[in-house]
Amino acid sequence: MTKDMQRALAPAERAVLEALFDTMFPGGENNPGAVEIGAADYLDKALANVYAHHLIEYRDVLAAIDAASPDGFVRASAETRLDIIARFERGELAGLPENRDRTSFDLIWRHLREGLFSDPVHGGNRDFAGWRAVGFPGAQFGYRAEEQALNHKVERAPQSVIDLPESARLLGTPAVHESAGEGEPDVLIVGGGAVGGFLAHKLVRQGLNVVILEAGPARTGRERSMDEILATAFRNEGGAVKFNDEVPTWRTRPGERARRAVMSQGLETALGGNSIAWGAVAMRFYEEDFRIRSATIARYGEDRIPVGSTMADWPMSYDNLAPYYDEAEDLLGVSGHAGNRADPARSRGNPFEAPRSRPYAMPALHTSGLGQLFADAAKAEGYHPFPLPAAINTTPYRGRHACTYCSFCSRFGCHVDAKASAQNTVLPAALETGRLKIVTGARVMDIVTDDSGRAVGVRYRTSNGDMKFQGGGTVVVATYAFENTRLLLLSKDRRHGRGLGNETGQVGLHYMTRQQPSVYAFFEGLALNRFIGPTAQAMAIADLTGDHFDHTDLDFIRGGRIAAFNQYLPVEASGILPPDVPRFGKAWRDFFLKSYNSTSMLFIDPEILPYENNRLDLDPDVTDSLGRPVVRITFDIGDNERKLMQFLQDRAERIAKRMGATRTWRRQFLTGPISTHDVGGTRMGHDPETSVVDGFGRVHDTPGLVVLGGSNFVSLPAVNPALTILALALRAGDGVVSQGAGQQVEAVPA
Amino acid sequence: MSADVIVVGAGIIGSSIAYHLARAGASTLLVDRSAPAAAPGATWASAGGLRSQGRYGPERPISLAASIRWQTLSQELDANLEVALGGHLHVAESEAEFPIIEERVAADRSAGIAIESLKADELRKIVPGIAPSALMGAYTPGDGQAHPGRTARAFAAAAVRHGARAIYDSHALPLCEGGRVTGILTASGEKLSGGTVVLATGAWSIALLKDLGIDLPIRWRGLQMLLSEIAPAMLAPTVTAVGRNLSLKQSPSGQLMVGGRWFARPQAPEPHAEPIDAHVARQWSSAVGILPAMAHLRLAQSWAGAEAQSLDGSPFIGPSGLPGLYLATGFSNHGFQISPEIGRLVASDLLSGPEPLLKAFRPDRPLSAERAAAFKAETILL
Ligand SMILES: Cc1cc2nc3c(=O)[nH]c(=O)nc-3n(C[C@H](O)[C@H](O)[C@H](O)COP(=O)(O)OP(=O)(O)OC[C@H]3O[C@@H](n4cnc5c(N)ncnc54)[C@H](O)[C@@H]3O)c2cc1C
Ligand SMILES: Cc1cc2nc3c(=O)[nH]c(=O)nc-3n(C[C@H](O)[C@H](O)[C@H](O)COP(=O)(O)OP(=O)(O)OC[C@H]3O[C@@H](n4cnc5c(N)ncnc54)[C@H](O)[C@@H]3O)c2cc1C
Ligand code: SF4
């Protein structure tokens with residue numbers, strides 16, 4: 001093995017970088033400066049290795065900065081340096097590189113934060129100096145409940161991910177194959193993510209032979225756990241190679257030029273898909289969500305449907321889906337408290353939740369100090385706080401370990417398999433039947449149809465570039481909303497000139513993506529210890545969700561969820577600032593050092609309505625490295641959502657104030673596609689004129705082809721989507737089976 | 001492809017053997033049906049206790065030498081093995097049990113093991129939270145714990161660094177030709193020839209031996225383990241008790257790990273087992289009895305692993321009787337501690353001629369046939 005090169009920059013460049021970093025994050029009474037913490041070493045090493053592709057940009061930037069002062073940047077006074085950095089941030093320095101999608105300042109600021117606060121294995125954060133400065137204990141196996149109490153002083157020496165003990169006994173990587181071998185499976189599933197795994201499990205247990213083609217590599221999902229920058233949002237290494245090469249572009253309206261979407265969380269494109277990275281909030285939709293249009297009209301009249309909205313009812317009712325919710329919850333293992341619908345005042349769970357035939361398998365995650373603070377304030381405001389149900393074990397469940405509250409949760413694989421993924425739940429049992437073959441490194445390029453227009457298989461590209469054909473009795477596409485849409489549009493034949501499923505021009509329409517216009521709350525002097533506990537360990541209210549409150553006198557319809565989540569890791573957190581705090585200098589440093597352990601976020605998940613202008617199509621200008629067009633997102637929120645968000649932010653702010661927040665600030669309404677709750681694009685419905693698939697995911701105009709995932713959603717309720725995605729997939733599993741047996745299953749109307 | 005020695009099974013035993021063979025310069029091939037220390041093997045499940053006290057006579061010198069190896073094994077293998085040498089404590093809870101402790105101390109001392117007999121107040125200095133019932137104990141300060149999975153993976157990786165080849169995700173069937181084993185057949189149907197094939201296949205050995213027509217008094221059992229939620233540091237040594245089916249330790253994560261000989265429910269495909277809830281409850285309360293603070297803790301995980309057990313509790317190490325086939329199996333839930341020395345001794349046995357320390361473990365040692373049948377048939381009480 002060759003040793004990583006430690007440096008890429010020339011000494012003069014390095015000197016400018018050091019001066020830059022130490023001006024951006026200067027040493028102070030309680031903290032060493034950026035260079036002493038190791039940020040410059042970190043970056044120099046990264047530029048020689050993983051960030052080599054940024055080296056030229058850095059050279060240009062450092063030269064521009066250096067040239068901005070007659071004696072050079074290093075010799076400039078502190079004041080001059082700050083002024084130069086401010087001009088750099090505004091893009092005003094001569095010679096700065098041009099970037100289409102972001103500024104160089106954005107990049108350098110992110111890298112500086114990485115060097116300060118990422119695990120020392122990457123070469124920065126020397127002797128944990130960055131972590132010590134903010135009181136972050138790093139990669140801990142887990143925490144005890146009392147450590148999450150407000151103002152509890154967490155007494156733990158910071159620890160690197162390499163020193164994590166492996167006390168739990170966990171399963172290895174699922175056995176995968178190089179090819180599917182001879183013969184055709186009954187069902188060919190494209191995409192080995194959440195849907196692919198759960199559907200395969202269901203089908204093989206019914207005796208069918210199944211092949212999964214997965215674009216990415218096999219993994220346990222634990223490979224990059226507890227390393228903040230290797231997880232999806234920062235470096236996006238390993239688990240997201242495919243997605244990083246095809247990040248969709250985004251514009252707000254037709255006619256505009258689309259720019260690379262800044263997907264805040266990234267998407268995992270390896271075995272297990274986003275069942276590895278997800279936050280595991282596992283919540284059912286509300287009964288009324290399935291008849292959003294008719295219920296709105298019945299209560300408020302047709303004229304309350306926002307102009308331009310394509311709101312529609314779902315092609316099934318909650319009751320149709322309920323057994324499949326049960327099935328999905330059972331496979332995942334969900335912790336939570338069932339709601340008391342009859343007596344909301346005494347409900348430990350969500351009093352608005354749809355009827356359940358059985359309790360949750362495990363009690364809810366325990367309530368953190370912060371969660372209790374939120375719950376008390378919410379109650380005082382007249383709401384009914386409850387813990388979010390989560391596919392996270394709170395007791396041993398089917399051999400898996402209980403949550404240790406480690407906090408490297410959403411965007412990370414779970415280091416003890418407490419958080420459900422495809423590989424730690426369904427895949428082992430499915431593989432054990434011998435009827436499932438998983439082929440990894442198999443990137444499906446298009447769906448192949450026969451002369452009659454029936455789907456008969458797919459063409460895929462192996463990791464070494466060979467093209468192969470794989471047939472299947474039924475072809476199921478389960479590759480997440482973007483790729484589902486792209487694959488249909490890229491697959492054409494004599495009968496499907498505009499792409500499969502697209503005879504009526506419906507593919508790509510009705511796209512929705514969650515916006516999260518949170519309210520941040522700073523509690524001066526109060527230690528929240530939010531670096532403990534999973535995101536899903538949250539107290540929430542649903543009083544302002546859907547139609548749980550009267551909209552007669554309001555100027556919008558529908559609602560949203562407000563919740564106080566845990567998980568707060570320092571690379572990300574150091575980028576969360578109120579509008580009046582600059583991104584560099586003492587002001588930034590002081591704010592972050594003081595606020596890191598005292599900032600909470602009242603997370604808002606508003607319902608997003610579908611609109612006729614919002615859609616996915618193929619970008620005419622931007623391609624991936626194989627020369628295939630990436631998905632172009634056209635998305636904006638409507639006035640209805642703007643008013644709703646204003647309303648929710650006002651309410652959240654009131655809760656925050658009651659919690660004792662000493663200052664609050666708000667995130668903007670529209671931040672763009674977020675890569676976690678993207679739905680629509682292959683809408684479900686009974687009518688081929690207004691939908692692409694039926695309630696079982698069967699493509700109206702292409703026999704033998706099934707599409708599954710969030711892309712089938714008709715609307716985007718204020719609830720996390722994955723449990724409903726899985727329930728729909730399991731229900732479709734019944735449909736696929738019957739179809740394979742030659743029967744027609746009637747989609748059950750609402 | 002061929003090798004001087006083909007080691008089948010990359011549990012702690014096979015990995016250690018392969019490492020020592022490769023280090024000695026032998027051309028070595030290590031094969032595992034899945035991966036080093038994979039579920040549901042004994043190494044995967046193992047509690048990882050390093051206990052040199054209370055060993056069966058012929059094992060004592062091996063165990064003693066092993067306990068010295070453990071002190072520097074992380075450095076030797078250049079890996080974090082989670083070695084923590086907090087001692088081992090064997091506790092008596094009634095005066096009637098005192099003689100057992102005294103005998104153990106005397107026997108181990110005479111074998112050169114550093115063991116002390118502790119009185120009630122001395123026990124409490126080592127484990128302040130120990131139950132009032134603990135009256136006396138045998139204490140070996142050099143014992144402790146390590147991570148079995150990490151150790152097996154480190155042995156296997158070090159073997160490869162020393163030139164061994166490793167094939168994972170492929171089972172190996174010993175290839176019998178003309179009355180001798182000449183190599184193995186891999187999952188992909190490939191034939192690989194080897195001078196000697198070492199069967200280090202733990203619980204899987206039972207079926208393999210049967211197919212080869214080798215009759216040994218050996219069976220497999222699932223043993224279950226428990227892990228608590230994270231607790232403050234409260235237990236430095238690993239603990240066993242004369243009157244309890246128990247092994248107890250605090251892992252580096254702060255979790256308390258509870259073992260003992262608690263059988264799990266056998267499950268298809270064999271060998272495979274799942275914890276039995278009723279046993280979980282009793283196993284847990286056995287631990288709470290020794291460490292009452294555990295009563296406030298919750299269970300975080302339970303699991304079971306498959307272990308090969310021999311009639312007399314000692315492993316079968318040596319020529320199988322079938323030329324070309326060498327056995328290293330039946331480690332009967334105490335194979336981890338001795339594994340570094342077992343690997344060294346087997347390598348020397350194979351490369352330099354009969355190793356006297358292994359004499360007592362030869363597969364052809366006399367064992368009662370009648371008792372063997374009953375032993376194999378013994379049911380697992382649920
Ligand atoms: C950080 C994060 C947090 C989240 N948190 C939550 C949460 O708390 N609650 C919740 O309900 N939801 C959450 N989600 C959303 C949830 O993870 C997804 O809804 C869910 O994973 C969707 O399942 P899927 O099978 O449709 O897609 P995925 O799980 O994304 O699987 C798609 C699979 O298809 C593969 N693939 C893609 N293209 C091809 C191709 N051309 N050929 C072959 N294979 C291909 C991919 O590699 C991937 O494995 C979160 C998502 C993220 C990213
Ligand atoms: C629950 C439990 C707790 C224990 N606690 C302790 C303790 O505290 N201290 C202690 O010293 N000992 C302990 N032991 C005992 C110790 O862990 C075992 O003796 C030791 O791990 C046995 O290792 P092994 O390599 O023989 O078997 P295994 O670890 O079972 O390895 C066998 C390997 O062979 C492979 N294999 C099987 N068949 C084939 C084939 N046909 N082809 C290729 N590969 C094959 C398997 O995949 C497996 O990896 C414990 C055991 C158990 C089960
Ligand atoms: S579920 Fe999340 S918080 Fe809990 S142990 Fe796993 S990764 Fe950590």
Side-chain angles (χ1 to χ4, degrees), chain A residues 1 139-148 155-157 159-178 181 218 220 222 362-363 365-366 392-406 414-418 424 428-429 431-434 532, chain B residues 32-41 43-48 79-82 84 145 147-150 153 161 168-170 187-188 224-232 249-257 267-269 272-275 277 280 296-305:
Chain A
M1 225 168 65
Q140 298 286 332
F141 187 89
Y143 296 87
R144 288 172 281 117
E146 59 269 25
E147 292 176 276
Q148 248 186 336
E155 310 270 6
R156 283 172 183 267
Q159 179 171 275
S160 163
V161 66
I162 49 169
D163 291 322
L164 265 188
E166 295 180 5
S167 306
R169 297 297 185 261
L170 307 169
L171 297 179
T173 311
V176 297
H177 301 78
E178 265 171 31
T220 61
R222 300 186 296 270
M362 291 165 271
L365 288 155
H366 63 65
I392 293 180
N393 293 349
T394 53
T395 62
Y397 188 77
R398 304 206 177 139
R400 285 161 47 213
H401 193 283
C403 176
T404 68
Y405 298 83
C406 78
C414 175
H415 71 121
V416 292
D417 280 344
N424 67 29
L431 285 164
E432 204 145 272
T433 64
I532 303 177
Chain B
D32 199 282
R33 50 180 280 283
S34 96
T43 307
W44 174 79
S46 178
N80 174 4
L81 309 180
E82 296 186 22
Q145 57 177 303
H147 195 288
R150 287 192 146 180
R153 291 193 292 273
R161 284 202 299 275
Y168 299 136
D169 286 318
S170 167
S188 58
Q224 62 180 50
M225 297 289 311
L226 312 180
L227 197 58
S228 81
E229 64 178 313
I230 297 167
K249 65 176 64 70
Q250 189 162 24
S251 306
S253 61
Q255 298 174 292
L256 287 142
M257 191 181 274
Q267 210 95 45
H272 179 73
E274 292 293 343
D277 285 346
V280 170
H296 308 290
L297 295 176
R298 275 172 298 208
L299 185 67
Q301 194 189 14
S302 63
W303 67 83

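Order of the sequence lines sets the chain letters (A, B, ...), proteins ahead of strands, with each chain counted from 1.
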Are more than 12 heavy atoms from other residues, nucleotides or ligands located less than 6.0 Å from atom CZ of B:R298?
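Incorrect, the count does not exceed 12.
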
Please state whether the rings of A:F141 and A:H415 are parallel, tilted or perpendicular, taking 30° and 60° as the class boundaries.
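A:F141 and A:H415: perpendicular rings.
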
Minimum heavy-atom distance A:I532-A:Y405, with the two atoms named
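In this case the closest contact between A:I532 and A:Y405 is CG2-O, 3.6 Å.
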
B:S170 versus B:A187, closest heavy-atom pair with distance:
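In terms of heavy atoms, the two residues are closest at OG-N, 3.0 Å.
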
Engaged part of [X] at the chain A interface, taking heavy atoms whose separation is under 4.5 Å:
X: B:M257; answer: side chain
X: B:E82; answer: side chain
X: B:D169; answer: neither
X: B:W44; answer: both
X: B:I230; answer: both
X: B:A45; answer: backbone
X: B:P148; answer: side chain
X: B:S46; answer: backbone
X: B:A231; answer: backbone

Salt bridge (Lys or Arg N to Asp or Glu O under 4.0 Å) with B:E274: which residues, sequence neighbours excluded?
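None.
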
Quick check on the interface: out of B:S253, B:P275, B:A39, who has the most heavy-atom pairs with chain A under 4.5 Å?
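Sorted descending by pairs with chain A, the first entry is B:S253.
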
Largest heavy-atom contact set with chain A, pairs under 4.5 Å, which of B:P232, B:S34, B:G254:
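It is B:P232.
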
Given a strict heavy-atom distance threshold of 4.5 Å, which part of A:A168 is in contact with chain B: side chain, backbone, both, or neither?
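For A:A168, heavy atoms of backbone and side chain both lie under 4.5 Å from chain B.
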
Quick one: what part of A:Y143 sits under 4.5 Å from any heavy atom of chain B, side chain, backbone, both or neither?
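Contact with chain B is through the backbone of A:Y143 alone.
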
Evaluation steps, side-chain contact (heavy atoms from CB on, under 4.5 Å), between B:Q255 and B:Q301
CA-CA 10 Å; B:Q255 298 174 292; B:Q301 194 189 14; over 6 Å; no

Using a strict cut-off of less than 4.0 Å between a Lys/Arg side-chain nitrogen and an Asp/Glu carboxylate oxygen, indicate whether A:R222 and A:E166 qualify as a salt bridge.
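No.
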
Which of A:R169, A:Q140, A:H401 touches chain B most, by non-hydrogen pairs under 4.5 Å
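With the most close heavy-atom pairs to chain B, the winner is A:R169.
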
Identify, with sequence neighbours excluded, every residue that meets side chain to side chain donor-acceptor pair (under 3.5 Å) alongside A:S160.
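Scan of A:S160 (side chain to side chain donor-acceptor pair (under 3.5 Å), adjacent residues dropped) gives A:D119.
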
